[in-house]
2 protein chains.
Amino acid sequence: MKSKSTSPAEALPGRPSHCPIHFALETFGDAWTLLIVRDLMFKERSTYTDFLRAGEGIATNILADRLARLGRAGIITRERAGDRPGSHYRLTPKGIDLLPILLEIIAWSAKYDPDTAAPRAFVRRVHRERAALGREIRRALRGRKQSATKEMNS
Amino acid sequence: MKSKSTSPAEALPGRPSHCPIHFALETFGDAWTLLIVRDLMFKERSTYTDFLRAGEGIATNILADRLARLGRAGIITRERAGDRPGSHYRLTPKGIDLLPILLEIIAWSAKYDPDTAAPRAFVRRVHRERAALGREIRRALRGRKQSATKEMNS
DNA sequence: CCGCTATGCTTGCTTTTTACAAGTAGCCAT
DNA sequence: ATGGCTACTTGTAAAAAGCAAGCATAGCGG
């Protein structure tokens, strides 16, 4: 009775634990969700096929599921472009607030993955001027707002 | 050819993407791994049965799998207590370095979960004096090396 | 020394989720 | 009107998670 959903990201055994770590994992505690957020935040990817071609090889049904879930969680919104074919997805403020988490993840991986693809300059900025870096990225994300103008979401 | 392993946390479709987000998700991109890290970091839990009783209801085989995986990833070590029954698990420096990520997750969840169980004072410290808070927790973790004696809870 | 209990797992089986391959629907251009 | 592109949905098989038992070892009590 507690779950109508089918997946781990939305239903760790559905217990009412309000531990903050648990709460977060209900939203993005799976292998794909944060990759979509990453694409929206750091790469210029914002359409369905952008995500599909992102390189890690997500399956189409999983992608559709995760996008719907992120929408329901209030982390992304979908804009249907009136003229162009294809929807664009965008991070909401709640989604943009995942930025500090991603920055820490990047710092950790840069430290422990000997073959990391994280640019050195970027990692240095994470350590030395995180606040400024954060503001810059947030500004860039907001700037992307106007491209298709129409808002339409579930 | 691409995978010998069996799980999402260890094998996002095994591609050689060295994207730092991807790298991190290979290690802890599932619903349970970070809960174990949380138990080791913020709660006093360090034994197999401690984790089992942690409240979220992890299955025993999954727990065994995640502990083995965390060990292989160099995030925890196991100490067999010579006299006491039961092994104790402990975070390595690599594991302790996950702290900033967890702190940001806690901050995010505290902001967006209206029923969060995160203590206000703790969240305030995350925002206002993260460095000092980090040092304090690290010190406490190192202090636990000898055996379970200290307090420190969320 | 023998059985009892507690801890730390492993094994077998069922249910749920993911992966993979197709197929469909809407839009627009030619 | 048809062909191609984008954004999905559907069907099915493989993989992982959930669940309930079982088993091994260590310590102790008698």
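Protein chains get the first letters and strands the later ones, always in sequence-line order, with residue 1 at the start of each.
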How long is the line joining [atom1] of [X] and [atom2] of [N], in whole Å?
| X | N | atom1 | atom2 | result |
| --- | --- | --- | --- | --- |
| Leu67(A) | dT9(D) | CG | C1' | 14 Å |
| Leu63(A) | dT17(C) | CG | C1' | 16 Å |
| Arg78(B) | dT25(D) | CZ | P | 14 Å |
| Asp30(B) | dT16(C) | CG | C1' | 16 Å |
| Leu52(A) | dA7(D) | CG | P | 9 Å |
| Phe51(B) | dG8(C) | CZ | C1' | 12 Å |
| Asp50(B) | dC9(C) | CG | C1' | 15 Å |
| Arg45(B) | dT7(C) | CZ | P | 15 Å |

Base, sugar-phosphate, or nothing for Tyr89(B), non-hydrogen atoms under 4.0 angstrom?
-> sugar-phosphate
Looking for any heavy atom pair under 4.0 Å, which part of the strands does Thr60(A) touch: base, sugar-phosphate only, or nothing?
-> base
Listed nucleotide nearest any side-chain atom of [X], set [options]:
| X | options | value |
| --- | --- | --- |
| Ala59(B) | dT10(C), dC20(C), dG18(D) | dG18(D) |
| Asn61(A) | dC8(D), dG18(D), dT10(D) | dT10(D) |
| Trp32(B) | dA17(D), dA7(D), dC9(C) | dA17(D) |
| Tyr48(B) | dC9(C), dG18(D), dT9(D) | dC9(C) |
| Ala64(B) | dC19(D), dA17(D), dT10(C) | dT10(C) |
| Thr47(B) | dT9(D), dG8(C), dA17(D) | dG8(C) |

Output yes when [X] and [Y] qualify as a salt bridge under the 4.0 Å nitrogen-oxygen rule, no when they do not.
| X | Y | value |
| --- | --- | --- |
| Arg125(A) | Glu136(A) | yes |
| Lys43(B) | Asp50(B) | no |
| Arg135(A) | Glu129(A) | no |

Which pair of heavy atoms, one from Asp97(B) and one from Trp108(A), lies closest together, and at what distance?
-> O-CD1, 3.4 Å
Identify the two heavy atoms, one from Val37(B) and one from Leu91(B), that lie closest to each other, and give their separation to 0.1 Å.
-> CG1-CD2, 4.3 Å
Using a cut-off of strictly less than 4.0 Å, decide whether Arg66(B) has a side-chain nitrogen or oxygen near OP1 or OP2 of dA17(D).
-> yes
Phosphate contact (dA7(D) OP1 or OP2) by Arg53(A) side-chain N/O below 4.0 Å | no
